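The structure appears below as structure tokens.
The shown structure was predicted, so the numbers you read here are calculated from the model rather than taken from an experiment. We name chains A, B, ... by the order of the sequence lines, and we start the count at 1 in each one.
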4 protein chains.
Amino acid sequence: MGKNVKSTKKSNEKYMKIVDAAAKVFREKGYKEATLEDIANEVGMLKGSLYYYIDKKEDLLYSVVERPLNEMTENLNKIISTSDSPTLKLEKALINHINGFEHYQSELFVWISIEWFKSEFGGEIASLGDEIDRMFRKIIIEGIEKKEFRPDLDPKLITFAIFGVFNYMQRWYSPNNGYTFQEISVQFNKFVLQGIMNKVLL
Amino acid sequence: MGKNVKSTKKSNEKYMKIVDAAAKVFREKGYKEATLEDIANEVGMLKGSLYYYIDKKEDLLYSVVERPLNEMTENLNKIISTSDSPTLKLEKALINHINGFEHYQSELFVWISIEWFKSEFGGEIASLGDEIDRMFRKIIIEGIEKKEFRPDLDPKLITFAIFGVFNYMQRWYSPNNGYTFQEISVQFNKFVLQGIMNKVLL
Amino acid sequence: MGKNVKSTKKSNEKYMKIVDAAAKVFREKGYKEATLEDIANEVGMLKGSLYYYIDKKEDLLYSVVERPLNEMTENLNKIISTSDSPTLKLEKALINHINGFEHYQSELFVWISIEWFKSEFGGEIASLGDEIDRMFRKIIIEGIEKKEFRPDLDPKLITFAIFGVFNYMQRWYSPNNGYTFQEISVQFNKFVLQGIMNKVLL
Amino acid sequence: MGKNVKSTKKSNEKYMKIVDAAAKVFREKGYKEATLEDIANEVGMLKGSLYYYIDKKEDLLYSVVERPLNEMTENLNKIISTSDSPTLKLEKALINHINGFEHYQSELFVWISIEWFKSEFGGEIASLGDEIDRMFRKIIIEGIEKKEFRPDLDPKLITFAIFGVFNYMQRWYSPNNGYTFQEISVQFNKFVLQGIMNKVLL
DNA sequence: GATGAATGAGCATTCATTCAT
DNA sequence: CATGAATGAATGCTCATTCAT
């Protein structure tokens with residue numbers, strides 16, 4: 001479980017530091033462009049030393065992305081299993097998404113940037129993403145069934161559209177471009193919700 | 001014009017083939033991961049031979065992206081300079097966007113994927129993208145002024161949102177996942193337009 | 001100091017070995033013609049491994065040439081700052097020059113051969129050479145002023161002539177062509193000193 | 001005869017142009033650094049086209065250097081076969097040397113710069129140089145025998161010294177550094193002649 | 001636990017050379 | 001005669017990975 005990562009070391013405090021460094025460096029340079037030396041420097045050790053904690057570079061990618069995705073998934077799970085209206089669920093899910101970005105900025109932006117490599121990076125990372133996908137879709141479908149959301153929209157496509165709105169942030173978001181996560185959240189939610197809402201309810 | 005590309009050769013049919021091959025390979029592997037050998041193989045020549053046509057790898061990137069982006073920009077220019085209503089302009093702009101994707105799938109998906117490198121790939125490619133950005137934003141602003149679009153939305157953020165909806169396609173679109181560009185276009189347009197529309201007009 | 005050479009490693013014994021190997025190979029093949037593989041082979045490692053010690057090939061050139069040149073410059077400095085007569089100073093300077101060749105044969109012959117590249121190898125190496133030039137010229141000028149050297153000779157040209165006599169050794173000197181550095185030194189000094197001497201003193 | 005150079009083409013006017021271009025480019029960049037493309041550009045043709053005239057790059061080197069060296073050798077021959085005094089012969093030989101530089105600047109500076117490669121570039125070029133060497137040495141020896149030159153100087157070494165004085169020009173000479181060949185000739189001759197002269201005659 | 005050192009495979013780029021047209 | 005196109009071998013450099021100490 002957890003790939004080939006030397007599991008005893010995984011809990012280690014030092015390993016956490018390494019993963020944090022990896023997240024930062026991956027975010028700044030991209031996974032492929034980031035070198036193990038970059039990461040090692042960030043932690044203050046030598047690249048060779050990293051191999052006490054990992055088996056291969058890819059391990060770090062997985063570790064970076066694992067926890068944030070699991071947390072988001074858990075939260076989403078809680079959200080969809082309530083008796084809230086689909087509209088409220090969607091709103092909560094979107095807020096959860098932005099909150100995720102706020103807390104795990106580097107980690108999740110790294111995740112978004114590597115969806116690219118899905119085929120290349122075996123199942124594990126990909127399936128964490130698919131899970132999130134599936135849950136969003138579930139909300140959409142429920143909303144359509146309950147006539148809260150427009151019936152003329154394809155749930156799969158609309159899920160992609162919503163992910164697009166939010167995940168594209170990885171491209172343009174910067175702490176110094178003038179928008180807080182709060183503001184973005186409010187605006188994007190209004191946009192998405194009105195876009196998906198069944199006209200009769202507007 | 002056109003960077004350092006050996007200019008006499010540019011018009012050449014063979015050079016076109018190489019650029020097409022590059023588009024394909026860049027799309028499949030990403031710019032950095034694609035090797036000149038990959039591209040050469042695709043064309044059926046040796047990697048060294050490519051240098052008869054190019055000066056450096058980056059030339060290919062620019063060539064791949066240049067024409068599609070220029071065409072899209074031209075079209076957008078025509079669209080925004082009509083006397084159409086902002087709503088119609090936006091719709092046309094979005095259709096133009098998808099049409100671009102349909103005709104220059106690999107090329108534009110490559111473009112989207114390298115926005116990443118903005119800083120790295122100096123002005124030229126980046127500025128072509130910025131131009132498109134600016135024109136979309138212009139439509140949005142005009143729509144708000146004319147009360148067709150919601151006044152509570154920030155034009156800059158909403159432009160990002162719309163780009164997100166469409167450009168994120170580069171992540172999930174595949175000719176065999178069951179959706180035609182037509183279908184996607186119709187659905188995304190409905191979603192975006194309703195999302196941005198001033199409620200009183202709905 | 002010392003360009004980009006990874007500084008912690010510089011003191012290292014192995015790095016010395018590499019520089020020595022580089023000196024030998026540069027001397028034999030010339031800087032451009034010498035490959036990093038040649039140098040690596042000489043040390044008994046792989047070319048990639050060299051990059052643990054250097055950042056680029058040029059580092060090696062600088063390292064090869066740095067110490068000998070600095071030593072020669074220091075010595076020259078001491079020589080010109082004594083109260084010796086210009087004639088004695090010149091003699092000492094010439095002996096110092098040959099001694100340099102004797103101790104740092106490959107290194108200084110490499111230096112001579114790359115003066116070629118002055119423009120290419122920015123200031124650092126070039127300026128070490130210019131320093132030596134300047135100090136010789138100073139002796140010549142002093143000698144002319146004190147009427148020990150011929151007043152009809154241009155100090156700049158005569159410095160070139162003297163450098164020619166000695167530095168041209170890089171072209172023909174070989175340990176097995178029958179002359180010791182001692183012999184060469186004696187002969188060249190006699191030739192140069194008589195050539196430059198004010199006739200009235202002869 | 002004349003290496004592998006396609007001999008019919010050698011007399012050709014166009015071939016002359018190519019050789020001149022090669023001389024210029026070799027002088028500016030050095031033999032190894034000069035590319036056939038550089039040379040072709042200089043003539044206004046394509047690098048592939050050069051191969052109608054040559055078999056390999058080295059042919060050009062030989063052609064560049066051949067005529068000037070032959071002329072110098074001939075002149076030297078005439079000089080040494082007169083009944084002039086050794087002193088006068090030496091003076092004439094030195095003037096001939098500078099005249100050569102003046103007329104065939106690029107060509108002879110190229111020659112000097114490749115003495116390096118003696119071993120690499122088979123016998124032909126090297127032997128032309130050796131011939132010149134031998135003739136100078138002959139003058140020196142004659143001068144010593146006739147007591148015009150110092151008897152304590154080794155003829156071989158002193159020949160090297162003299163070559164050094166003059167050939168080192170290739171390193172520092174530039175048409176815009178303020179000295180004419182005339183001036184240099186006068187100065188260097190005075191220096192060399194006084195340096196070599198038997199004291200009793202001074 | 002960590003370091004220092006080395007490996008080896010890979011990649012962009014250069015360039016002399018070839019050759020059909 | 002000359003061109004355009006292609007070749008292929010070589011070279012500097014990068015970097016994930018290994019491993020003895």
Per-nucleotide pairing state of DNA chain E [Watson-Crick or G-U, under 3.5 Å; [ ] pseudoknot-crossing; | other strand]: .||||||||||||||||||||
The test is side chain to side chain contact (heavy atoms under 4.5 Å, CB included); show your working for B:Tyr53 and B:Met45 and say whether it passes. CA-CA 12 Å; B:Tyr53 299 93; B:Met45 64 197 327; 4.0 Å; yes
Go through C:Val64 and C:Trp111 one step at a time and tell me if the side chain to side chain contact (heavy atoms under 4.5 Å, CB included) criterion holds. CA-CA 8 Å; C:Val64 161; C:Trp111 166 62; over 6 Å; no
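Across every non-hydrogen atom of C:Ser106 and C:Ala23, the tightest pair is CB-O, 3.8 Å. When all heavy atoms of B:Lys14 and B:Val43 are compared, the pair lying nearest together is CE-CG1, 3.9 Å. Summarising the geometry of B:Val65 relative to B:Glu107, their closest heavy-atom pair is CG2-O, 3.8 Å, with the distance given to 0.1 Å. Here the shortest heavy-atom pairing between D:Ala34 and D:Lys57 reads O-NZ, 2.8 Å. The two atoms that bring B:Asp59 and B:Tyr15 nearest to each other are O-OH, 4.4 Å, heavy atoms only.
Atom pair C:Glu13:CD and E:dG4:P shows a separation of 16 Å (rounding to whole Å applied). For the pair D:Asn41 CG and F:dT3 P, the computed distance is 11 Å after rounding to whole Å.
Dashed line: the shortest gap from a side-chain N or O of C:Asn12 to OP1 or OP2 of E:dG4 is not under 4.0 Å. A sub-4.0 Å separation between OP1 or OP2 of F:dA2 and a side-chain N or O of D:Tyr53 is present.
Evaluation of the side-chain contact (heavy atoms from CB on, under 4.5 Å) rule for B:Asp38 yields B:Val25, B:Lys29, B:Thr35 as partners, not counting sequence neighbours.
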Reading 5' to 3' through nucleotides 7-14 of chain F, protein heavy-atom contacts under 4.0 Å coded B for base, S for sugar-phosphate only, - for none: BB--SBBB
